[in-house]
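What you see is a predicted model, and the numbers here were worked out from it, not measured in a lab. Heads up: numbering here begins at 1 and tracks the sequence.
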Amino acid sequence: MENPVKESVPVWKDGRAKSITFIVTKDCQLACKYCYLVGKNTKERMSFDVARQAVDYILSHREDFNDDSVVWDFIGGEPFLEIDLIDQLCDYIKKEMFCLDHPWFNSYRFSFSTNGINYDSEKVQHYIKKNHTHLSIGITIDGTRRKHDLNRVYKGSQKGSYDDVCRNIPLWLSQFPDGGTKVTISSADIPYIYESVLHLFSLGIHQVNINCVFEDVWKEGDDHRFEEQLLMLADEIIDQELYRDNTCTFFSENIGKPLDKQQQRENWCGAGRMLAVDAEGNFYPCTRFAGYSLRTKKPIIIGNIHDGIDKNKLRPFLTLDRLTQSTQECIDCDVASGCAWCQGENYDAAQSDTIYQRSTAICKMHKARVRANNYYWNRLFRKLELQEFETIRRKSTTTIC
């Protein structure tokens, strides 16, 4: 029997691509209530000169950037506020990779996660048409108007952004039919998970990437309310056979198991194997170590466009794995696989200036997800087995004339 369950879209090049992020602006039209970017502002905008020097350094140091492929990632704030810079920079990147006969030429992606507000603008659309074959864009929409507008409000007001984002979804899906959205769950919007995922499916968004915030915002009983929403969602997806065309990352066959030896020696986060550059030309192991992402700690800078990468500052990030930063309780946990973390949040929440202390704020939420996930897959497999049995039975009782 053909497997009717739609698989999640794999990461481009299966994670073998180098991720290089340009923080092109720290400005955004929105002031999302759960946003970890605590230092957004209108002043820090990347210049083309800084961006060019970063590209020149990266492309001229192949010994340090020897991955098979590259993802050139652009973030803010809202990256499309700097579409003129991005357009100019991408033209420069393509030209330099060609002139240098660089292995990344024709093995690259330009990547964006956008709030979608100015997606239909003339300049953004011109850029998309010019780069479409090497482009991935995700628009963030949190679900129903009620859930989306609870958190994703305009800067300086409480006006929700749902209508301004939703009007651009058809255009986006016509250009990127396999595009996925990123949904964030915080304590206040747990009651709207069920209706929001189904709403996104109804809009034609078949890939819903959804996760709980890593910050310590969870209240007593949130895990039980969370589980109830996921159980309702599981029933609806299975009963209506929505799994045939849609995926929701809350349900995965690969979570909720003990860690094997290999998993213990892996890091969930890619900090240190990625590279981020800001408007001043500073290098970071990940954008979450830049100043505007940190509540209590100082930024961790591992180099700059003038002096290059300081490998002594980078080395601690390359030693990170589950064993070096987790408690023994986390290592021995029966449902440890799939329990995620953000390296920057680990650092920000740690009792000292260390990157080796793992935050466990989402522990109860992960365990609730695992319980619902087990229910989903057990029920789905029983349904599919029954369907296969019925198919075989019908074939065996058919009279051949």
Please determine whether the number of non-hydrogen atoms from other residues, nucleotides or ligands lying under 6.0 Å from atom [atom1] of [X] exceeds 12.
X    : atom1 : answer
D260 : CG    : yes
F98  : CZ    : no
K159 : NZ    : yes
K298 : NZ    : no
R295 : CZ    : yes
K155 : NZ    : yes
K94  : NZ    : yes
Q351 : CD    : no

Do the two ring centres, one from [X] and one from [Y], sit under 6.0 Å apart?
X    : Y    : value
H306 : Y57  : no
F110 : F112 : no
F317 : Y347 : no

Under a 4.0 Å threshold between the charged nitrogen and the carboxylate oxygen, would [Y] count as salt-bridged to [X]?
X    : Y    : answer
R288 : E215 : yes
E241 : K383 : yes
R265 : D321 : yes
D223 : K367 : no
K95  : D91  : no
R273 : D67  : no
R379 : D239 : yes
D163 : R145 : yes

Answer yes or no: is there a side-chain heavy-atom contact under 4.5 Å between [X] and [Y]?
X    : Y    : answer
I301 : Y284 : yes
T247 : H206 : no
W268 : R358 : no
I193 : I185 : yes
W341 : R322 : yes
S107 : D68  : no

Only one of Y375, Y243, F251 clears side-chain contact (heavy atoms from CB on, under 4.5 Å) with L380; which?
-> Y243

Search all heavy atoms of [X] against all heavy atoms of [Y] and return the closest pair with its distance.
X    : Y    : result
M46  : V277 : CE-O, 3.5 Å
L314 : I302 : CD1-CD1, 4.0 Å
L150 : D189 : CD2-CB, 3.7 Å
V153 : Q158 : CG1-O, 3.7 Å
C90  : Y127 : SG-OH, 3.2 Å

Q88 vs D84, side chain to side chain donor-acceptor pair (under 3.5 Å): CA-CA, chis, key distance, verdict | CA-CA 6 Å; Q88 183 183 12; D84 290 333; over 6 Å; no

Hey, can you tell me if H199 and Y162 have their rings parallel, tilted or perpendicular (30° and 60° cut-offs)?
->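 Geometry flag for Y162 against H199: tilted rings.
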
